[in-house]
Amino acid sequence: MDRLKAQASKNREAANVLRSRGKDAAAKQMEDRAEELESGRVTDCTDAVSGLISWAFRR
């Protein structure tokens, strides 16, 4: 969950940069994605995918 919160924070920072450049639509998309990451509806599959890749390379 920490990875998702960290990514949400990065998305919000990017949204601020985009908004300062006049790209409000893109900033809104980044903020929406940050809200989605923080909501808990997104699952972090990083560890599972990493395990599968490691398993595949050991074969």
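From a predicted model like this one, the values you see are computed outputs, not experimental measurements.
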S.K.: Nearest 0.5 Å please: distance from the CZ atom of R41 over to the CD atom of E35.
M.R.: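 If we round to the nearest 0.5 Å, R41:CZ and E35:CD are 8.5 Å apart.
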S.K.: List the atom of V42, the atom of L4, and the distance in Å for their closest heavy-atom pair.
M.R.: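 That closest heavy-atom pairing would be O-CD1, 3.4 Å.
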S.K.: Mind checking the CG-CD spacing from L37 to Q7? Nearest 0.5 Å is all I need.
M.R.: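 Here the rounded value is 6.5 Å.
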S.K.: So which heavy atom on G51 is nearest to which on R58, and how close?
M.R.: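 Distance-wise, the nearest heavy atoms are O-NH2, 4.4 Å.
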S.K.: Please determine whether salt bridge (charged side-chain N to carboxylate O under 4.0 Å, His left out) holds for the pair D32 and K28, giving the CA-CA distance in whole Å, both sets of side-chain angles, and the decisive distance to 0.1 Å.
M.R.: CA-CA 6 Å; D32 290 345; K28 175 76 171 121; 2.9 Å; yes
S.K.: Taking S54 for its side chain and S50 for its backbone only, find out whether a donor-acceptor pair lies under 3.5 Å.
M.R.: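 The answer is yes, because a donor-acceptor pair under 3.5 Å joins these two groups.
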S.K.: Please identify which of these residues, N16, L18, V17, meets the side chain to side chain contact (heavy atoms under 4.5 Å, CB included) condition with M30.
M.R.: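 When N16, L18, V17 are each tested with M30, the side chain to side chain contact (heavy atoms under 4.5 Å, CB included) holds only for L18.
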S.K.: Is there side-chain contact between E31 and N11, with heavy atoms separated by less than 4.5 Å?
M.R.: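 No, every pair of side-chain atoms sits at 4.5 Å or beyond.
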S.K.: Can you check whether E36's main-chain N or O pairs, donor with acceptor, with S39's side chain at less than 3.5 Å?
M.R.: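 Yes; at least one donor-acceptor contact below 3.5 Å.
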